[in-house]
Amino acid sequence: MRTVFEPFRIKSVESIRLTTEDERQASIIEAGHNVFKLRAADVQIDLLTDSGTGAMSSRQWGALIEGDESYAGAQSFFAFEDAVREVFAHRHVIPTHQGRASERLLAGLLIDETKVVLGNTHFDTTRANIEYAGGRGIDLPCPEAADLSSDFAFKGNIDLERLTAELGRLGADRVPFVLMTVTNNSGGGQPVSMANIKAAKRICEDHGVPLLIDAARFAENAWFIRMREQGYHDKSPTEIAQEMFSYSDGAMMSMKKDAFGNIGGLISLNSSEWVEQIRSMLILTEGFPTYGGLAGRDLAALAVGLKEILEPDYLSYRIRSTAYVGEKLDAAGVPILKPFGGHAIYLDARSFCAHLSDDQLPGWSLSVALYVKSGVRACEIGNVMFGRLLEDGSFDWPSKDLVRLAIPRRVYTQSHMDFVIEEIVNLFNHREQIKGMRFRQRPEQLPHFTATFDPID
Ligand SMILES: *Cc1c(COP(=O)(O)O)cnc(C)c1O
């Protein structure tokens, strides 16, 4: 296979401070063995998240200077609106400061104690906003998603049979909308097929329930459809994205992912009735409808980003460069989730650290060891993030204990990733030396952000 090189040149650089293992050992102790509490300057390669961490292009930086900071009716808003409409094609476009603001506005309008939102797999802030409004989020992932190592092409799909059954049981009165998250972030960055979106839309229509899309990684999803689904090989990513959204009644998006934004979000909707009420709330908590919590320059940069993210050369490089990391780790026998998602590679920590029990927090321990050994910061998505403390003091552990290597967009080169691969393979070859961890202090809400830990000797 020919090398797919980064389809960009580097014009401005940011130095990485190199550190020693002794320095990192001191840093992680100070951080309470929690990589979220490290200073970013003490990290060599930061794979904590792909959210808001991408590199803007020179065209985006140019647009930033031209941003129109008028309070109302700014040119930058209309550029933003045009860019969103061209792909999403819903009637109304509302900017917000990030994805969770979109979620809060929609949930505030549509959800109360009687409501249930069905979806393939809700992202954690989505679920939190649904619950905060009094409702409940139910995940209906397809059965193929449960097998971590099979190479089913569309593990992000929703289970259509269960969707039909749940809609039949609950009815339109209790389900304000069905939400399809593309790609399925919490499910390992796995794509959703066009056929699945289309079928879900038909089922929703039969029950009179709107279908919304959580579009954080819609462009990566479009590329997977192009590569893997029959009939789409000759279509452009823009055409595929347009078709995906054509089966929806609206969308919300964190533009910190597939829009090359360091900040930003949106709501795109057909319903004029919903939009009127959301705009009133937007003015109360985010800002005037033509800026929604963002500066004019942010809107201008996002308008350019939305076009760039759909460029075939970029997407081909993006998906290939992520798979490159996965293939090398797989070839070395490192246990990882398959097939490879678009924005991240996931290490299967229970199998990587088979010498640790769930109580010894394998994923968390692996993320700490990886940082200390190599200065690479990754994110546990497992026992600490999702484990539930029971009344008797024991834990209900989640079905998967993963460590996510999220890859920021256009930030690291192949040699950065070669270093990451070498370090993980090296750690895997000495895996029995990875020490387990136990909670020192565990807050009730979102423990992974602020908990502290002690190594088990
Ligand atoms: C990041 C993300 C969100 C939340 O967006 P923020 O911009 O972080 O508030 C919602 N859904 C998905 C799928 C995401 O990845």
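Ligands are counted one by one from 1 in listed order, and the atoms in each one are counted from 1 as well. The first residue of the sequence shown is numbered 1, and numbering continues consecutively from there.
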Can you confirm whether the side chains of [X] and [Y] place a donor and an acceptor under 3.5 Å from each other?
{"X": "Glu286", "Y": "His97", "value": "yes"}
{"X": "Arg217", "Y": "Asn184", "value": "no"}
{"X": "Asn129", "Y": "Glu103", "value": "yes"}

For the 3.5 Å polar cut-off, considering only N or O atoms, please tell me whether Thr181 and ligand 1 meet it. no
Judging by distance only, is a nitrogen or oxygen of Gly264 under 3.5 angstrom from one on ligand 1? no
Considering the heavy atoms of [X], write down every atom of ligand 1 situated less than 4.0 Å from one of them.
{"X": "Arg217", "answer": "15 (O)"}
{"X": "Gly99", "answer": "5 (O), 6 (P), 7 (O), 9 (O)"}
{"X": "Lys256", "answer": "7 (O)"}

Rounded distance [0.5 Å steps], CD1 in Ile10 versus CZ in Arg410: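 That separation rounds to 12.0 Å.
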For a side chain to side chain contact (heavy atoms under 4.5 Å, CB included) with Phe352, tell me which candidate from Asp401, Ile336, Val403, Ile424 qualifies.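 It is Ile424, the one option of Asp401, Ile336, Val403, Ile424 that forms the side chain to side chain contact (heavy atoms under 4.5 Å, CB included) with Phe352.
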Could you check Arg409, Glu220, His343 and say which one makes a side chain to side chain contact (heavy atoms under 4.5 Å, CB included) with Lys257?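 Among Arg409, Glu220, His343, the one that satisfies the side chain to side chain contact (heavy atoms under 4.5 Å, CB included) with Lys257 is Arg409.
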Heavy-atom contact check, 4.0 Å cutoff: does Met252 meet ligand 1? no
Side chain, backbone, both or neither: which part of Met255 comes within less than 4.0 Å of ligand 1 when only heavy atoms are counted?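 Met255 to ligand 1: no contact under 4.0 Å from either part.
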Heavy atoms only, cut-off 4.0 Å: how does Arg100 contact ligand 1, side chain, backbone, both, or neither?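 Answer for Arg100: both.
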Centroid separation Phe77 to Phe288 less than 6.0 Å: no
Are Phe439 and Phe395 an aromatic pair, judged by ring center distance below 6.0 Å?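 Distance test on ring centres: under 6.0 Å, yes.
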Of all the non-hydrogen atoms in the protein, which one sits nearest to [atom], and at what distance?
{"atom": "atom 11 (N) of ligand 1", "answer": "Asp214 OD2, 2.7 Å"}
{"atom": "atom 14 (C) of ligand 1", "answer": "Lys257 NZ, 3.0 Å"}
{"atom": "atom 10 (C) of ligand 1", "answer": "Glu103 OE2, 3.1 Å"}
{"atom": "atom 4 (C) of ligand 1", "answer": "Thr125 OG1, 3.5 Å"}

Considering Ser254, Ala216, Ser51 one by one, which has a heavy atom nearer to atom 5 (O) of ligand 1 than any of the others?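 Minimum heavy-atom distance to atom 5 (O) of ligand 1 goes to Ser254.
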Around atom CE of Met227, are there more than 12 heavy atoms of other residues, nucleotides or ligands at under 6.0 Å? yes
